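Indexing begins at 1, ligand by ligand and atom by atom, following the structure's order. Residue numbers start at 1 and run along the sequence shown. Just so you know, these numbers come straight off a predicted model, no measurement behind them. Worth knowing before you read on, the calculation uses all heavy atoms, side chains too, and leaves out hydrogens, waters and symmetry mates.
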Amino acid sequence: MQIRIFETKEEIAAAAADVYAGLLAKKPDAVLGFATGASPLPTYAELIRRCEAGAISFKDVKTFNLDEYCGLPADDENSYRTFMFRNLFSQIDIRPENAHLLDGNAPDEEAEARRYDRMIEEAGGVDLQLLGIGTNGHIGFNEPGESFTKSTFVVQLAESTIRSNSIYFKDGNMPTSAVTMGIGSIFAARKIILIATGEKKAEAIRKTVCGDITPRCPASILQLHPDTVLLLDKAAAALLGEEERSRV
Ligand code: F6R
């Protein structure tokens, strides 16, 4: 696990965008795994800027998002589909039909999960997966639990996740379940970037990097991944020791 610590969110965004640029130069039809939330927003802004400048193109990529709330209309203000089209897809040259998100309203959730796993497999697997991390160590919506999850599944959201994310639901009606790629699906990505900023993430980052590898901190599995880089600000890295900080 590589660890890089930056002064600002903009520096993190530039470092992340450099990874996209490097990959897309080699493989213009790469398969990209995207996340929602606050953590990736500066990176998305930087990808948009580079795309507008002609430095990077998404015209041949396929994308798969990590997760989606259950029970929200697809065009709801708070759906992850809305988030991705608003904050990235509508502003880059991706073909909309190549941007895949889970259907949180599928009548048969199990069939929807299998359909998504199959599509990822048929696309050749994810080349580059972008992750944020929950204060409880979740990645995607893989909440702390007793065992690591494998493939896409429907999850009951943890209390801590509902607390963190309910700020976005002005009417107070935050969904309590979601459909998410499993830990196995995330781990299968050939390269992973995890972005964390702010002191609220410091303990989750400490457990991810230095703690036991346990489903009680789902992100800790990344210790075993062959190509994961953590892009952190100083606040998120505050509880790491000297040895971890020098893992560049
Ligand atoms: C979102 C996702 C979540 C978030 C995490 C951190 O698609 O999968 O795991 O990455 O909850 O969210 P932020 O970045 O808002 O702190």
Ligand 1 to I133, heavy atom cutoff 4.0 Å, flagged ligand atoms 5 (C), 6 (C), 10 (O)

Would you say F85 and D75 make side-chain contact, with heavy atoms under 4.5 Å?
no

Option of least heavy-atom distance to atom 7 (O) of ligand 1 (set: I186, T161, L66, D67)
D67

Among side-chain atoms of T161 and H138, is any donor-acceptor pair under 3.5 angstrom?
yes

Counting non-hydrogen protein atoms only, what is the nearest one to atom 1 (C) of ligand 1? Give residue, atom name and distance.
T36 OG1, 3.1 Å

Could you check if a side-chain atom of V19 sits within less than 4.5 angstrom of a side-chain atom of K191, using non-hydrogen atoms only?
yes

Do we see a donor-acceptor contact under 3.5 Å between the side chains of R114 and S151?
yes

Criterion side-chain hydrogen bond (donor to acceptor under 3.5 Å, both in side chains) against D127, the qualifying member of K27, K62, K26
K27

Does the pair E146 and R216 meet the rule for a salt bridge (Lys or Arg N to Asp or Glu O under 4.0 Å), with working shown?
CA-CA 7 Å; E146 297 308 313; R216 293 180 190 281; 3.1 Å; yes

Protein residue, atom and distance nearest to atom 14 (O) of ligand 1, heavy-atom basis
S39 OG, 2.5 Å

I need the atoms of ligand 1 closer than 4.0 Å to a non-hydrogen atom of G140, numbered in the order shown.
2 (C), 3 (C), 8 (O), 9 (O)

Atom 11 (O) of ligand 1: closest protein heavy atom, distance to 0.1 Å, is H138 NE2, 2.7 Å

Please list, in number order, the atoms of ligand 1 under 4.0 Å from a heavy atom of K201.
6 (C), 13 (P), 16 (O)

What protein heavy atom sits nearest atom 10 (O) of ligand 1, and how far away is it?
G132 CA, 3.3 Å

Taking atom types as modelled and ignoring hydrogens, do the side chains of Y69 and D76 form a donor-acceptor contact shorter than 3.5 angstrom?
no

Atom 15 (O) of ligand 1: the protein heavy-atom neighbour that sits closest, reported with distance to 0.1 Å
A38 N, 2.8 Å

